[in-house]
Amino acid sequence: MPPVIYNPLEEYQSTLKNLHQENTAKYRSAHGGDADSARNEIGGQIETVSRDIHVAMENYPDLAAHKEIADAMQQNMYLQREITAARELYNDTINEWNKDIFAWPTKKIVAAKNGYTTRIPFAASKEIKEKAKSVFF
């Protein structure tokens with residue numbers, strides 16, 4: 001059996017519906033009495049019901065820690081983008097360098113005289129890539 005949850009809104013709506021039905025019946029019947037006194041009675045009942053409604057508001061604390069975590073995640077994403085951009089620029093430059101030192105005749109001759117060799121582009125190992133994919137927090 002599911003737990004019974006108290007819902008004051010349903011109780012309020014039920015009470016208003018019952019009041020409406022009772023008062024409608026009073027208005028329609030000849031035994032309802034004076035219309036002004038009936039309206040006053042209905043108004044009093046509605047005021048009583050509205051005063052009896054107690055709305056509970058939760059006062060949650062300002063969660064500054066969540067803001068700090070969000071800021072840290074934002075900085076982490078920014079730094080990852082910067083590192084990726086720097087790595088791509090480095091690899092593009094190295095690839096261009098490696099092509100240039102084998103360009104015949106001038107660049108190859110100058111590279112051979114000065115002892116220029118190819119450079120190794122940046123590549124992350126599988127271990128580092130797995131660590132990067134793991135959960136940060």
Side-chain angles (χ1 to χ4, degrees):
M1 175 185 253
V4 178
I5 299 173
Y6 176 70
N7 189 348
L9 185 59
E10 286 180 11
E11 183 180 335
Y12 173 70
Q13 289 174 338
S14 170
T15 306
L16 281 180
K17 184 177 179 182
N18 290 339
L19 282 174
H20 180 68
Q21 288 173 350
E22 289 174 14
N23 292 325
T24 303
K26 283 182 184 177
Y27 275 105
R28 290 185 180 162
S29 70
H31 305 292
D34 187 47
D36 287 334
S37 64
R39 277 192 218 117
N40 290 337
E41 182 182 340
I42 293 169
Q45 289 174 348
I46 290 173
E47 282 184 33
T48 303
V49 169
S50 64
R51 267 187 271 125
D52 289 343
I53 295 175
H54 301 289
V55 179
M57 299 296 269
E58 299 277 339
N59 187 13
Y60 292 104
D62 182 26
L63 301 176
H66 289 285
K67 291 176 188 172
E68 290 175 9
I69 290 172
D71 289 344
M73 291 174 69
Q74 184 77 20
Q75 284 180 328
N76 185 24
M77 287 180 7
Y78 172 77
L79 290 174
Q80 285 179 358
R81 280 190 229 118
E82 288 291 319
I83 290 169
T84 300
R87 182 178 60 241
E88 288 175 357
L89 177 64
Y90 174 80
N91 285 344
D92 289 345
T93 305
I94 292 300
N95 287 333
E96 191 68 31
W97 169 266
N98 289 342
K99 282 191 280 183
D100 283 348
I101 63 171
F102 290 109
W104 182 258
T106 56
K107 291 181 182 177
K108 190 170 186 177
I109 294 170
V110 171
K113 278 187 177 181
N114 293 324
Y116 296 150
T117 59
T118 59
R119 301 283 183 224
I120 300 171
F122 177 81
S125 66
K126 287 183 181 181
E127 198 174 290
I128 292 173
K129 288 180 183 178
E130 288 301 318
K131 282 183 181 179
K133 290 179 184 177
S134 67
V135 177
F136 184 66
F137 288 103

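Every heavy atom of this structure was used, including side-chain atoms; hydrogens, water molecules and symmetry mates were not. Everything quoted here is computed from the prediction, not taken from an experiment.
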- Message: As a quick check of understanding, evaluate side-chain contact (heavy atoms from CB on, under 4.5 Å) for N98 and F102, giving each step before the final call.
- Response: CA-CA 7 Å; N98 289 342; F102 290 109; 5.5 Å; no

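Between M73 and I69 the shortest side-chain heavy-atom distance falls below 4.5 Å.
Between atom CZ of residue R81 and atom CG of residue L79 there is a gap of 10.0 Å, rounded to the nearest 0.5 Å. How far CD1 of I120 is from CG of N91: 11.5 Å, rounded to the nearest 0.5 Å.
Of all heavy-atom pairs spanning P121 and N95, the tightest one is CG-OD1, 4.0 Å.
The salt bridge (Lys or Arg N to Asp or Glu O under 4.0 Å) test applied to E96 returns K99, not counting sequence neighbours.
Grouped with L89 in a hydrophobic cluster is no other residue, since no side-chain heavy-atom contact under 4.5 Å to another Ile, Leu, Val, Met, Phe, Trp or Tyr is found.
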Residues 106-119 side chain polar contacts: donor-acceptor under 3.5 Å, at least two apart:
unit_1: N114; atom_1: ND2; unit_2: V110; atom_2: O; d: 3.4

